[in-house]
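Quick notes on the structure that follows.
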Amino acid sequence: MKKILQFQINSYDKFHLLWESPKVNKLISNIVVIAFLTGLLIALMSHFNFLPQGMKINIFFSIELAFNVLLIFEAMSLIFLFPDSVADSVGKQFEIISLILLRDAFKEFGHYLGDVNWSMDFLIELTPIISDAFGAILVFLITGLFYRAQKHFRITRNYEEQSGFIKIKKLLSIYLVFFFVLIGFYDLFRAYENQTFISSVKLFYNLLIFTDVFILLFSLRYTTKYLNLFRYSSFALATIFLRLTLSAPAYFNVLLAVIAGLMVLLVTYIYNYLLVKEGAAKDLVSV
């Protein structure tokens, strides 16, 4: 059993090293560009009626397709962040949500190509797009402040405990990669059967929620310190809020994303402040 687990951990290390290599980064960039150009080609074919009758695809489909492909790779990067830092993985989730909001804004703009009647009804219809775009900017700002405020503190007592904790998170990551690929093949199969692509990103976020909770519970063997428990719990709750944004209607999706961002940002600032105070108190006691 130990050999099997060690093999999985070694597999994670190899995949992670490969994923971070310059060659893979270039490959990802090329795939996103190809997706964008493919979307443009399909849109042009639709414009000149080269597609089957009834299929109408606007030019903004190319941007939506490129963003969807990019989001797939961002989700993979998120999985590989788990062993390094829970806080960094939470930050990556906010990055993904901001990109989803931008993608949705581009997608909706595709409905208003051609002549525009600047009536009051049209302006009202634009408000959800403006909401998504402005919400993406707010999440972008919160994510930047969140990364800047991060101070990583080890919760384990020694190197052996730290190494064991990292190994557990690596195992979780390799399982998440497996489920992520499985979900991707399931989406493709379902798209082939129904002629409609429906992403299972909500299912993936459900897996992230339970992964965060598992890491929280597993960390109890290393520390029961209230500050650490509250910090991890707030991160897990933020993941639930982010999951809800994926199915929430217009305006509420932005509201939930911003609330989740402000929550983790505020918790981070308070956590850092209390740790500094705690360290200063220990110094006074030692003196």
Side-chain angles (χ1 to χ4, degrees), residues 67 70-71 74-75 77-79 81-82 84-108 126-153 155 169 199 201-217 219 223 225-279:
F67 265 83
L70 180 61
L71 286 169
E74 286 292 306
S77 298
L78 166 61
I79 293 173
L81 274 177
F82 267 109
D84 297 331
S85 168
V86 174
D88 287 345
S89 68
V90 170
K92 177 61 74 172
Q93 292 181 48
F94 280 99
E95 290 180 26
I96 292 174
I97 290 297
S98 66
L99 291 175
I100 289 176
L101 290 174
L102 281 179
R103 181 204 63 184
D104 291 345
F106 276 116
K107 182 178 179 181
E108 290 301 319
L126 276 182
T127 51
I129 304 176
I130 297 172
S131 173
D132 285 342
F134 189 68
I137 296 174
L138 284 178
V139 175
F140 173 69
L141 172 62
I142 292 171
T143 304
L145 294 175
F146 177 75
Y147 280 135
R148 190 174 181 179
Q150 286 307 312
K151 294 180 180 178
H152 301 287
F153 298 94
I155 64 173
K169 290 192 286 186
S199 174
V201 64
K202 297 174 185 177
L203 176 59
F204 179 65
Y205 258 89
N206 286 341
L207 291 175
L208 292 181
I209 291 170
F210 287 101
T211 302
D212 287 339
V213 172
F214 179 85
I215 291 175
L216 166 65
L217 297 176
S219 68
T223 179
K225 193 174 181 180
Y226 172 67
L227 293 182
N228 294 326
L229 294 179
F230 189 90
R231 178 172 175 261
Y232 274 145
S233 299
S234 66
F235 287 170
L237 181 60
T239 303
I240 296 176
F241 275 116
L242 294 181
R243 161 63 180 84
L244 292 175
T245 64
L246 300 175
S247 57
Y251 312 117
F252 287 98
N253 58 342
V254 172
L255 180 63
L256 288 170
V258 171
I259 288 175
L262 292 177
M263 182 183 71
V264 296
L265 188 61
L266 182 60
V267 168
T268 298
Y269 281 127
I270 295 174
Y271 177 78
N272 293 342
Y273 174 78
L274 292 177
L275 280 181
V276 170
K277 285 290 186 180
E278 187 179 82

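Quantities reported herein were computed from a predicted structural model and do not represent experimental measurements. Start at 1 with the first residue, then count along the sequence.
Not counting sequence neighbours, the partners of E95 by the side-chain hydrogen bond (donor to acceptor under 3.5 Å, both in side chains) test are K92, Y147. Take T239 and apply the side-chain hydrogen bond (donor to acceptor under 3.5 Å, both in side chains) test, not counting sequence neighbours, and it matches Q93, D212.
Counting all heavy atoms, side chain and backbone alike, A136 lies closest to S98 at CB-O, 3.6 Å. In terms of heavy-atom proximity, I97 sits nearest to A257 at CG2-CB, 4.0 Å. Across every non-hydrogen atom of A260 and L242, the tightest pair is CB-CD2, 4.1 Å. When all heavy atoms are compared, the tightest approach of R243 to N206 is NE-OD1, 2.9 Å.
Residues F235 and I215 fail the side-chain proximity criterion, which asks for heavy atoms closer than 4.5 Å. Using a 4.5 Å cut-off on side-chain heavy atoms (C-beta onward), F94 and V264 make contact. Looking only at side-chain heavy atoms (C-beta outward), V254 and F134 stay at 4.5 Å or farther from each other. The shortest distance between side-chain heavy atoms of Y232 and V213 does not fall below 4.5 Å. F146 places a side-chain heavy atom less than 4.5 Å from the side chain of V90.
For the atom pair OG1 (T268) and CZ (R148), the distance works out to 14.5 Å, reported to the nearest 0.5 Å. Atom OG in S89 sits 8.0 Å away from atom NZ in K169 (nearest 0.5 Å). In this structure, CZ on R231 lies 12.5 Å from CG on L274, to the nearest 0.5 angstrom. Atom-to-atom distance recorded for L237:CG and M263:CE is 4.0 Å, nearest 0.5 angstrom. The CG atom of L70 lies 9.0 Å from the OG atom of S77; values are rounded to the nearest 0.5 Å. Atom OG of residue S247 and atom OH of residue Y205 lie 12.5 Å apart, to the nearest 0.5 angstrom.
Remark: Y251 OH is packed, more than 12 non-hydrogen atoms of other residues, nucleotides or ligands lying under 6.0 Å away.
Checking side-chain atoms of N272 against main-chain N and O of A149 turns up a donor-acceptor pair under 3.5 Å. Of the possible donor and acceptor atoms, one in the side chain of S233 sits under 3.5 Å from a partner among the backbone N and O of L229.
A side-chain donor-acceptor contact under 3.5 Å links N253 and D132. Judged purely by distance below 3.5 Å, without hydrogens or angles, the side chains of Y271 and S234 never pair a donor atom with an acceptor atom.
Of the options I96, I79, L246, a side-chain contact (heavy atoms from CB on, under 4.5 Å) to F204 is made by I79 and by none of the others.
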- Message: Between L208 and L78, is the side chain to side chain contact (heavy atoms under 4.5 Å, CB included) condition met? List the steps.
- Response: CA-CA 10 Å; L208 292 181; L78 166 61; 3.5 Å; yes
- Passes side chain to side chain contact (heavy atoms under 4.5 Å, CB included), L255 versus F241? Steps please. CA-CA 10 Å; L255 180 63; F241 275 116; over 6 Å; no
